[in-house]
Amino acid sequence: MSVFDVVVWRAGKVRMLDQRALPLQEIYPEYTSAQEVAEAIRAMVVRGAPAIGCAAAFAVAVEAFRLAGQGTPASWAEALAPGMAALRASRPTAVNLVWALQRMAALLGTVEPDRLPERLLCEAEAIRQEDIESCREMGRLGAAYLPMKDDRSLTLLTHCNAGALATAGYGTALGVIRAACERFAQVRVYASETRPYLQGARLTAWELLRDGIDTTLITDGMAGHLMKTRGVDAVVVGADRVAANGDAANKIGTYSLSVLAARHRIPFLVVCPLSTIDRATPSGEGIPIEERAADEVTHCNGQRTAALGVKVFNPAFDVTPAELITALVTEKGVVEAPDTAKIARLFAG
Ligand code: MRU
């Protein structure tokens, strides 16, 4: 499996793969403050819910080291508050961001003030490692859940990028695809382009091809025709936030795919770690949906493609209702037809 450092700690700095430059360039900018990382998250240097959570965790650690360089603050909570607020505001839908910040904040006051930066760094590293392990487990469980046909071939459709690039490594939906490659005789993947930011065309295609996985690119509008004429065994996607009842926010276009999958009786799998499940939000109606700049829709590669003066609606995510989700794949197990009670049991065990 190809390896790249999505978010790592390197010589006192946060180093991230700049996903804006992919697939043409592989560059690794480094960051030395929480504000810088918050801006990088907002600008999509790093994206994908678990990867954003990891970046935020390392950002808190780097901020603590930066502040400690000026002398140990009288109150760490006060000193770290502006950086944490900037991180929290950087992207609103991916709940892993808030989850990671809460985990880091829980450490304040638990160790001697001088030792806090080192402790925060250990926690950020633990979040990163746990995410990789969760992805591998979700991959194993998800691949075992996928339907096995007599010829042991498998055709999957995925949307956006829920891969190694969107996590600390291995990926959620793409982790299932990676694990499926070990189980099935032949795996074919259709990746939807993912308008307007093209995570499918730029990132998923790049990542899967690096691993030698048979990948075919389609534009988003081709999915229904693909399902009708070529056959898809399952749709496999990630999530940015799953509500307590199983409604799942993911990249814009996911909801349309779930409706099409239901129409064609194709299993629809949402793959995400427990850190993506927001039990404080009862249903999808409560999930904040990020709206992004109009030029993502009106322009392509800096070139205007839309009529001058046209109005734009650019929600970055949509919500797939739990009733359209065949199964939710987590590191703690596969939940078929997810609902509030079944999701609560995941956290109990
Ligand atoms: O806007 P993005 O690229 O951050 O959106 C990412 C997605 O929608 C992913 O599918 C989701 O975060 C799951 S990542 C494992």
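For ligands, and for the atoms within them, numbers begin at 1 and follow the listed sequence. Just so it is clear, the model here is predicted, and its values are computed rather than measured.
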Shortest protein contact, [atom] (heavy atom only):
atom: atom 6 (C) of ligand 1; result: Arg47 NH2, 3.5 Å
atom: atom 7 (C) of ligand 1; result: Asp240 OD1, 3.1 Å
atom: atom 4 (O) of ligand 1; result: Arg91 NH1, 2.8 Å
atom: atom 15 (C) of ligand 1; result: Thr172 OG1, 3.1 Å
atom: atom 5 (O) of ligand 1; result: Lys251 CE, 3.3 Å
atom: atom 10 (O) of ligand 1; result: Asn250 OD1, 2.6 Å
atom: atom 14 (S) of ligand 1; result: Ala166 CB, 3.4 Å

Does [X] pair with [Y] as a salt bridge, N-O distance under 4.0 Å?
X: Arg136; Y: Glu133; result: no
X: Arg119; Y: Glu125; result: no
X: Glu39; Y: Arg42; result: yes
X: Asp278; Y: Arg241; result: yes

Give a yes/no on ligand 1: does [X] have at least one heavy atom closer than 4.0 angstrom to it?
X: Ala239; answer: yes
X: Phe317; answer: yes
X: Asn161; answer: yes

So for ligand 1, is [X] a polar contact partner (N or O within less than 3.5 Å, distance only)?
X: Gln199; value: yes
X: Ala162; value: no
X: Gly48; value: yes

Could you tell me which atoms of ligand 1, counted from 1 in the order shown, lie closer than 4.0 angstrom to a heavy atom of [X]?
X: Met44; value: 1 (O)
X: Thr167; value: 15 (C)
X: Ala49; value: 12 (O), 14 (S)
X: Pro50; value: 14 (S), 15 (C)

Taking every non-hydrogen atom, the tightest pair across [X] and [Y]:
X: Gln199; Y: Thr194; value: OE1-CG2, 3.5 Å
X: Val46; Y: Ile52; value: O-CG1, 4.3 Å
X: Leu97; Y: Leu87; value: CD2-O, 3.3 Å
X: Ala239; Y: Val242; value: CB-CG2, 3.8 Å
X: Leu108; Y: Leu80; value: CD2-CD1, 3.8 Å
X: Leu146; Y: Ala180; value: CD1-CB, 4.2 Å

Practice task
Would you check if the side chain of Asp247 reaches a backbone N or O of Ala322 as a donor-acceptor pair within less than 3.5 Å?
Solution key: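 Pair found, side chain donor or acceptor close to backbone of Ala322.
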